[in-house]
Every structure is written in structure tokens, then in C-alpha cells.
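Input: a single structure, listed below in C-alpha cells.
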Amino acid sequence: MGHLVARGKEAVRRSGGGATHDAMARLAEIRVPTLVVHGTGDNVVDAGNAPLLAEGIPGAQLELFEGVGHLLPWERPEEFTRLVEEFLA
């Protein structure tokens, strides 16, 4: 049982990294076509981050899904798949 507790603590420790990691200054270094996709109803990651990412990446395409939450590919699978396929074509 102790190993489960240790694994849980490790997962919590790792999850905090995303909250403190800041790579905004390096976004301009991205030199590949980039699609930024976000749901405006996401209650896990603020949808306001998506435009910031897109603005920081040269030539990035921003697509917002109105009212869709954090699980965008599962909430709107057909639309999401079509968007990604068109972007990759």
C-alpha cells in the first residue's frame, strides 16, 4: 500500500511543474507550422492562454471551439479531427 501512496505523491509533485513552467519567451523559436486549439469552456486551462500561445508562435493558426471544455477531442471528435486533418494536409 505504501508504494501507491508514494506514486500518488510523485504524480502530485510532477503535476505542479506545468503550473510553474514558463516558456513564453521561447515561443518565437518555433519554426514549424503550429495549430493552437482550445475550447472556450475549458475549466482546467484558461482559454485566454490559447491566443497568447498563437501570438507568440510565428504563423500559428488559432482555432477556438465555443463552449467546449478541456476534453475537446472527445466532446467534438468529428470537428476536431476534420480541423487537424485539414491543417496537416
Side-chain angles (χ1 to χ4, degrees):
M1 183 75 151
H3 70 288
L4 293 176
V5 172
R7 286 177 55 192
K9 287 180 181 178
E10 177 64 12
V12 169
R13 184 189 67 75
R14 287 185 188 175
S15 68
T20 59
H21 180 74
D22 183 2
M24 293 297 287
R26 298 196 62 199
L27 293 179
E29 297 174 24
I30 297 173
R31 299 283 184 242
V32 295
T34 304
L35 175 63
V36 177
V37 182
H38 206 104
T40 63
D42 191 332
N43 60 4
V44 178
V45 177
D46 188 327
N49 288 333
L52 296 175
L53 288 174
E55 290 168 9
I57 301 170
Q61 177 181 332
L62 173 62
E63 296 291 336
L64 298 175
F65 281 65
E66 193 64 40
V68 178
H70 191 70
L71 301 176
L72 193 152
W74 288 273
E75 293 180 50
R76 300 262 184 88
E78 293 86 13
E79 292 173 64
F80 177 79
T81 300
R82 185 172 38 256
L83 175 65
V84 172
E85 286 176 343
E86 290 173 0
F87 178 78
L88 294 174

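Start at 1 with the first residue, then count along the sequence.
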Are [X] and [Y] linked, directly or through other ILVMFWY residues, by side chains that come within less than 4.5 angstrom of each other?
| X | Y | result |
| --- | --- | --- |
| Leu52 | Val36 | yes |
| Val44 | Phe65 | no |
| Leu88 | Leu83 | yes |
| Leu64 | Trp74 | no |

What side-chain donor-acceptor pairs closer than 3.5 Å can you find for residues 23-30, not counting sequence neighbours?
| unit_1 | atom_1 | unit_2 | atom_2 | d |
| --- | --- | --- | --- | --- |
| Arg26 | NE | Glu29 | OE1 | 3.3 |
| Arg26 | NE | Glu29 | OE2 | 3.4 |
| Arg26 | NH2 | Glu29 | OE1 | 3.0 |

- Query: What pairs with Thr81 under side-chain contact (heavy atoms from CB on, under 4.5 Å), at least two apart in sequence or on another chain?
  - Reply: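 Residues passing side-chain contact (heavy atoms from CB on, under 4.5 Å) with Thr81: Glu85.
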- Task: Would you please test Glu86 and Leu35 for side-chain contact (heavy atoms from CB on, under 4.5 Å) and show each step?
- Result: CA-CA 11 Å; Glu86 290 173 0; Leu35 175 63; over 6 Å; no
- Which atoms form the tightest heavy-atom contact between Glu66 and Arg76, and what is the distance? O-NH2, 3.5 Å
- Note: Ala47 and Gly39 closest approach over all heavy atoms is CB-O, 3.7 Å
- Answer whether the closest heavy-atom distance between the side chains of Phe87 and Val37 falls below 4.5 Å.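 Counting from C-beta outward, Phe87 and Val37 never come under 4.5 Å.
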- Query: Applying side-chain hydrogen bond (donor to acceptor under 3.5 Å, both in side chains), which residue pairs with at least one partner in residues 42-56 are found, sequence neighbours left out?
  - Reply: His38-Asp42, Asp42-His70
- With rounding to the nearest 0.5 Å, note down the distance linking CD in Glu63 to CG in Leu72.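 The CG atom of Leu72 is 10.5 Å from CD of Glu63, to the nearest 0.5 Å.
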- Step by step, work out the side-chain contact (heavy atoms from CB on, under 4.5 Å) result for Val68 and Phe80. CA-CA 11 Å; Val68 178; Phe80 177 79; over 6 Å; no
